[in-house]
Amino acid sequence: MTATTLDGKAILSTIKDELRARVAALAERGVVPGLGTVLVGDDPGSRWYVGAKHKDCAEIGITSIRRDLPAGTSLDEVLSVVRELNDDPACTGFIVQQPTGLDEFAILSAVDPAKDVDGLHPTNLGWLVLGRPAPLPCTPVGCVELLRRYDVPVAGAKVVVVGRGITVGRPLGLILARRSENATVTLCHTGTRDLAAEVRQADIVVAAAGVPGIITGDMVKPGAAVLDVGVSRVDDGSGKGRVAGDVADDVWDVAGYVSPNPGGVGPMTRALLLSNVVEAAERGAP
């Protein structure tokens, strides 16, 4: 069996087209969505990712508000920028790109929950637990949206999520268990006693442990959908290393659907960030 590719890049392009129409409708009402970003330091990966977000914004008509701060910026200085963006009516929503090397919880907690387009503010995660409307985390919702766009059945599916991180694993389990998704979710991690036995039961596997190749072909039910969310850097002998996902190559010979890494869930995270920005503008539009 050769798995169908869950192409996040293609779906990102489709979602951008859909959002352009919504942005145009907002413009007719005199509203222009604005995405703010706060970047601390010169980490190449963070700088690329922030740049990609603003490129996406330009393509669909969202205003970019960038605050790039040098390495060594203090926590108080970052919090001052956060307060500025909280108060800026042109900023529909914003993110503080991690890592900053500072107290990330203090920074995240200072963001206005209504402008938290990452969906990771403690208040918004609390609303998710309680089943109330609030901005949702981009990567978990991106996983669900990718499955939907390829007509992978989610309702009634047995889903195994491997990884208990706050950005993917834990919120994804809550999202999938909602009545709108109706999946049955098992949350596993690197401490799970018999991970292979748990994964073999799954109709859908989401690998987000950050352990290269933790999901192998012999662990996957034939025809299952497998999403690779893990990101690790491994030695490739070049001295520079390369980025590796959590899903081994032989999974493609067993599964029915697989998201590549890169090119699968990553673009969906960008797509759902854009959606959160537009939705925030729509909530505040007259």
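All heavy atoms count here, side chains included; hydrogens, waters and symmetry mates do not. Just so you know, residue 1 is the first one in the sequence shown, and it goes up from there. Every value quoted in this text rests on a predicted model; they were computed, and no experiment measured them.
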Colleague: Step by step, work out the side-chain contact (heavy atoms from CB on, under 4.5 Å) result for Asp228 and Val258.
Modeller: CA-CA 8 Å; Asp228 189 354; Val258 181; 5.6 Å; no
Colleague: If you compare all heavy atoms of Pro122 against all heavy atoms of Phe105, which two are closest, and at what distance to 0.1 Å?
Modeller: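 Taking every non-hydrogen atom into account, CG-CE1, 3.7 Å.
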Colleague: Start with the C-alpha distance between Ile11 and Tyr150, add both sets of side-chain angles, then the distance that settles side-chain contact (heavy atoms from CB on, under 4.5 Å), and finish with yes or no.
Modeller: CA-CA 9 Å; Ile11 304 303; Tyr150 278 89; 3.9 Å; yes
Colleague: Please list all pairs meeting side chain to side chain donor-acceptor pair (under 3.5 Å) that have one or both residues in residues 199-215, counting only residues at least two apart or in different chains.
Modeller: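 For residues 199-215: Asp203-Lys221.
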Colleague: Is the number of heavy atoms from other residues, nucleotides or ligands within 6.0 Å of NZ (Lys16) greater than 12?
Modeller: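 Yes - once you tally the heavy atoms of other residues, nucleotides and ligands closer than 6.0 Å, there are more than 12.
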Colleague: Ignoring hydrogens and angles, state whether a donor on the side chain of Asp7 or Thr5 is under 3.5 Å from an acceptor on the partner side chain.
Modeller: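 Distance-only check fails for Asp7 and Thr5.
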Colleague: Do you know which two heavy atoms are closest between Ile175 and Pro137, and how far apart they sit?
Modeller: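 Answer, listing the atom of Ile175 first, then Pro137: CD1-CD, 4.4 Å.
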Colleague: With the 4.5 Å side-chain cut-off for hydrophobic clustering, are Val226 and Leu176 part of the same group?
Modeller: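 Hydrophobic grouping puts Val226 apart from Leu176.
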Colleague: For residues 130-144, which residue pairs pass the side chain to side chain donor-acceptor pair (under 3.5 Å) check, not counting sequence neighbours?
Modeller: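 Applying side chain to side chain donor-acceptor pair (under 3.5 Å) to every pair that reaches into residues 130-144, excluding sequence neighbours, yields Thr139-Thr269.
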Colleague: So, the side chain of Lys115 versus the backbone of Leu85: is there a donor-acceptor pair under 3.5 Å, distance only?
Modeller: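 Looks like yes, one N/O pair under 3.5 Å.
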Colleague: Could you tell me the separation between the CG atom of Leu146 and the CG atom of Leu12, rounded to the nearest 0.5 Å?
Modeller: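 The CG atom of Leu146 sits 11.0 Å away from the CG atom of Leu12.
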Colleague: At their closest point, which heavy atom of Val247 faces which heavy atom of Ala207, and how far apart are they?
Modeller: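 Looking at all heavy atoms of both residues, the closest pair is CG2-CB, 4.1 Å.
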Colleague: Please set out all donor-acceptor pairs under 3.5 angstrom arising from side-chain atoms of residues 277-286, sequence neighbours excluded.
Modeller:
residue: Glu282; atom: OE1; partner: Arg22; partner atom: NH2; Å: 2.9
residue: Glu282; atom: OE2; partner: Arg22; partner atom: NE; Å: 3.0

Colleague: Check whether Asp250 reaches the backbone of Gly217 with its side chain - one donor and one acceptor, N or O, closer than 3.5 Å.
Modeller: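 Side chain of Asp250 to backbone of Gly217, a donor-acceptor pair under 3.5 Å: yes, one is there.
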Colleague: For the CG atom of Leu272 and the SG atom of Cys138, what is their distance to the nearest 0.5 Å?
Modeller: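 Rounded to the nearest 0.5 Å, the CG-SG separation comes out at 6.0 Å.
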Colleague: What residue pairs, at least two apart or across chains, pass side chain to side chain donor-acceptor pair (under 3.5 Å) with a residue in residues 85-114?
Modeller: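 Qualifying pairs, neighbours excluded: Lys53-Gln97.
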Colleague: Could you go through the side-chain contact (heavy atoms from CB on, under 4.5 Å) check for Leu227 and Val205 one step at a time?
Modeller: CA-CA 6 Å; Leu227 300 185; Val205 181; over 6 Å; no
Colleague: Ion pair present between Glu198 and Arg193, side-chain N to carboxylate O less than 4.0 angstrom?
Modeller: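 No, Glu198 and Arg193 are not salt-bridged.
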Colleague: Evaluate the criterion side-chain contact (heavy atoms from CB on, under 4.5 Å) for residue pair Cys188 and Val199; output intermediate values, then yes/no.
Modeller: CA-CA 9 Å; Cys188 297; Val199 172; 5.9 Å; no
Colleague: I need the Asp246 CG to Ile215 CD1 distance, nearest 0.5 Å.
Modeller: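 Answer for the CG-CD1 pair, Asp246 versus Ile215, is 7.0 Å.
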Colleague: Can you tell me how far apart CG (Leu128) and CZ (Arg170) are? Round to the nearest 0.5 Å.
Modeller: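 Reported to 0.5 Å precision, the distance equals 12.0 Å.
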Colleague: Between side-chain atoms of residues 154-167 and protein atoms elsewhere (two or more places apart, or another chain), which donor-acceptor pairs fall under 3.5 Å?
Modeller:
residue: Lys158; atom: NZ; partner: Thr186; partner atom: OG1; Å: 2.5
residue: Arg164; atom: NH1; partner: His189; partner atom: ND1; Å: 3.3

Colleague: Not counting sequence neighbours, which residues clear side chain to side chain contact (heavy atoms under 4.5 Å, CB included) with Arg47? List them please.
Modeller: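 Scan of Arg47 (side chain to side chain contact (heavy atoms under 4.5 Å, CB included), adjacent residues dropped) gives Leu39, Asp42, Arg66, Asp68.
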